[in-house]
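Quick notes on the structure that follows.
These numbers come from a predicted model, not from an experiment.
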Amino acid sequence: MELPADDRETSPVTGYTRAHWEAAADALLAAVAPYATPDRALYHLPGDHVSHSGHLSDGLEGYARTLLLAAFRRDENALGRYADGLAAGPRGVWPRIEDRSQPLVEAASVALALRLTRPLLWDRLEDPVRQRTAAWLADALTAEPWPCNWELFPVTVGGFLQEIGHRPEAARKAIDRGLERIEGWYLGDGWYTDGDGRKFDYYNGWAMHLYTVLHAWLAGDGELLSVYGRRLSRHLADYARLFGGDGAPLHQGRSLTYRFATAAPFWLGALTGHTPLTPGETRRLASGALRYFLDGGAVDERGLLPLGWLGPDDSVAQTYSGPASPYWAGKGFLGLLLPPEHEVWTATEEPGPVDRADGVRPVPVPNWLLQSTRSDGVVRLHNHGSEDVRYDPYYTRLAYSTATAPSASYDNSVIVGGDPSRTRIEPLGAGEGWAASRHTVRDGITVTSLVVAEGAAEVRAHLVAGAAPGTPVRITGWQAPDGLRAELLPVSGLSEGVQGPTGHTGADGTALLVALARLTGEPHPRPLAELVSVAVGEDRRVSVRWASGAEHVFAFTASEGGCADPQWAVARR
């Protein structure tokens with residue numbers, strides 16, 4: 001991919017300007033064009049991973065997701081190619097939209113693209129094409145979505161159909177129904193769970209906030225935009241801290257193959273005026289994400305985005321992933337809707353949170369602790385409240401970072417009797433410098449976990465309960481890539497083993513295990529023992545004293561709570 005030369009005057013951090021975004025969008029659109037069918041209604045991109053929806057649906061996905069990118073780019077030549085596809089697709093080429101079917105997802109991209117480019121595309125179509133397209137889309141109004149972010153796809157289709165006057169009553173019902181359904185998943189402070197439970201990941205930004213805020217903004221509904229805009233602004237205050245100094249997003253959650261779609265919420269805040277970030281910080285964060293992936297090899301020699309993260313990587317694919325799935329990355333180009341003279345494009349880039357200072361920040365709703373270090377630009381997420389067991393290991397590990405990926409050997413885990421399972425995660429709180437949770441290994445066995453952090457150093461404590469006496473328990477830490485250093489040092493209840501620190505449960509089936517951990521890019525870091533001291537009392541009290549002078553005292557306590565077995569919790573003293 002050929003991009004303009006870096007502009008270090010306007011963009012001292014990333015070197016990227018609007019011209020880089022335009023060039024990247026143009027290159028991505030040009031690269032997929034040869035894979036369109038002769039009628040341009042389907043885009044069959046190369047790849048061996050066919051989704052569970054099948055080859056035909058995957059071809060529609062290729063059309064819809066690249067159309068959305070073309071809509072953000074607002075290039076009339078590119079949009080002309082997609083106009084040809086509209087003439088053929090709804091005539092019987094595209095699969096019908098049915099309950100919980102992938103075409104429902106793609107219908108939202110088609111509808112949003114048509115709504116954003118109405119004068120350039122929709123209004124220029126012949127009337128029979130418009131009628132067939134609207135009729136195809138209208139099935140989305142009554143199709144039952146999966147109970148998650150899918151609820152917003154009928155909302156997005158309904159917003160467009162209501163605007164053009166096609167089945168306006170049904171469109172209104174679909175909008176109201178979808179918005180009402182997601183309301184129960186908003187848990188405050190800018191965070192949604194993606195359906196029932198505690199599923200916190202990037203779907204907050206590239207789905208829950210994106211579709212609600214864009215719908216309100218495009219509809220000109222000031223009252224609705226005020227509600228969703230405030231939520232977005234609050235979310236961005238946390239979201240901005242999920243990106244490393246090199247622009248990398250945190251490697252956590254599902255659908256990571258969408259890559260720089262992670263930039264979409266930043267642009268959305270600037271587009272609608274609902275953001276706590278300055279224009280220069282917005283562009284630094286968004287451009288940093290794009291550059292991270294482009295420099296890292298996310299685009300292959302054909303100019304395509306394969307399933308993967310930097311290069312091809314099947315470990316981030318799900319059963320719903322097809323060859324064209326990565327093109328939801330096009331959501332990251334939302335900023336091209338802002339005119340060139342907008343301050344988000346003209347302001348000088350400003351440092352992001354990780355660039356400015358070390359930080360340890362609790363995020364109470366998902367019960368996360370975010371730990372970042374300026375010296376190496378690494379952001380770490382300590383997960384004590386997010387879970388979706390369908391997509392292990394991207395939810396079930398105790399920690400994630402912008403520099404590591406979950407490993408097959410169970411990094412950042414507590415392995416009880418050979419079982420690394422972590423289910424039914426229950427948040428126990430997050431505060432200044434700490435977070436805690438309890439999870440189930442298997443019936444009758446629980447682990448109550450605490451992390452305390454400062455700088456790059458971590459104190460990790462785990463209370464295992466309900467196991468048979470003498471059960472071996474092994475803990476694991478970070479698996480560092482080249483250029484980083486990982487440490488995991490026993491403090492209490494553990495001894496060094498061949499595979500890492502190991503302890504055993506006592507006669508009562510419990511064990512309190514404490515270790516120091518660190519992931520760092522510093523070439524010569526101070527020894528962990530000089531940075532923190534930990535004392536463990538017989539009453540299961542853990543006292544932490546940092547070299548900075550900060551002190552914490554925590555106690556692992558049990559209460560019957562009406563249960564036969566005690567439920568362990570962590571109390572700060």
Between R361 and D238 (salt bridge meaning N to carboxylate O under 4.0 Å), is one present in this structure? yes

Regarding E454 and S548, do their side chains bring together a donor and an acceptor under 3.5 Å, going by distance alone? yes

Under a 3.5 Å cutoff, is there a donor and acceptor pairing between the side chains of H439 and E426? no

Assess the side chains of D411 and W478: does a donor N or O sit below 3.5 Å from an acceptor N or O? no

Can you label the angle between the Y394 ring and the H251 ring as parallel, tilted or perpendicular, going by 30° and 60°? tilted

Any donor and acceptor pair, going by atom type alone, linking the side chain of R380 with main-chain N or O of L519 inside 3.5 Å? yes

Honestly, is R231 close enough over Y186, meaning NZ or CZ under 6.0 Å from the six-membered ring centre and within 45° of the axis? yes

State, without any angle test, whether E551 and S543 hold a side-chain donor-acceptor pair at a distance under 3.5 Å. no

Stepwise salt bridge (Lys or Arg N to Asp or Glu O under 4.0 Å) test for R73 and D75: CA-CA 5 Å; R73 181 65 179 97; D75 179 89; 5.3 Å; no

Sequence neighbours left out, what passes ring pair (Phe, Tyr, Trp, His ring centres under 6.0 Å) with H215? Give chain and number order. none

Backbone of A569 reached by a side-chain donor or acceptor of T448 within 3.5 Å: no

Are a donor atom and an acceptor atom from the side chains of S409 and Q479 found within less than 3.5 Å of each other? yes

salt_bridge(D6, R291) N-O dist < 4.0 Å: yes

Check: R422/Y395 side-chain N/O donor and acceptor closer than 3.5 Å: no

State whether E487 and R518 are salt-bridged, where the test is any N-O pair (Lys NZ or Arg NE/NH1/NH2 against Asp/Glu carboxylate O) under 4.0 Å. yes

Less than 3.5 Å apart, any donor N or O on the side chain of W206 or N149 sitting next to an acceptor on the other? no

Ring centroid separation Y211 to F153 under 6.0 Å: yes

Exercise: do R474 and S413 side chains pair donor with acceptor under 3.5 Å: no

Stepwise ring-ring contact (aromatic ring centres under 6.0 Å, His included) check, W21 with Y16: CA-CA 8 Å; W21 283 87; Y16 274 20; 7.4 Å; no

Does a donor on one side chain and an acceptor on the other come within less than 3.5 Å for T373 and D376? yes

Check the side chains of T14 and S11 for a donor-acceptor pair under 3.5 angstrom, ignoring hydrogens and angles. no

What I want to find out is whether R374 reaches D355 closely enough, with some N-O distance under 4.0 Å, to be called a salt bridge. no

Looking at R356 and E281, is there a salt bridge between them, counting it only when a charged N and a carboxylate O are closer than 4.0 Å? yes

Kindly say whether the aromatic ring centers of F266 and F243 come within a distance under 6.0 Å. yes

dist N412:CG -> I475:CD1 (nearest 0.5 Å) comes out at 10.0 Å

Regarding R572 and H552, is there a side-chain donor-to-acceptor distance under 3.5 Å anywhere? yes

Are the aromatic rings of W267 and W345 close, with centres under 6.0 Å apart? yes

Establish, from distance only, whether the side-chain atoms of H274 and S233 form a donor-acceptor pair under 3.5 Å. no

Going by distance alone, is a donor N or O of one side chain under 3.5 Å from an acceptor N or O of the other, for Y320 and S255? yes

With rounding to the nearest 0.5 angstrom, report the CG to CZ distance, L294 to F260. 5.5 Å

Mutual orientation of the aromatic rings belonging to F200 and W191 [parallel < 30°, tilted 30-60°, perpendicular > 60°]: perpendicular

Test Y228 against W217 for ring-ring contact (aromatic ring centres under 6.0 Å, His included), laying out the working first. CA-CA 10 Å; Y228 293 133; W217 180 68; over 10 Å; no

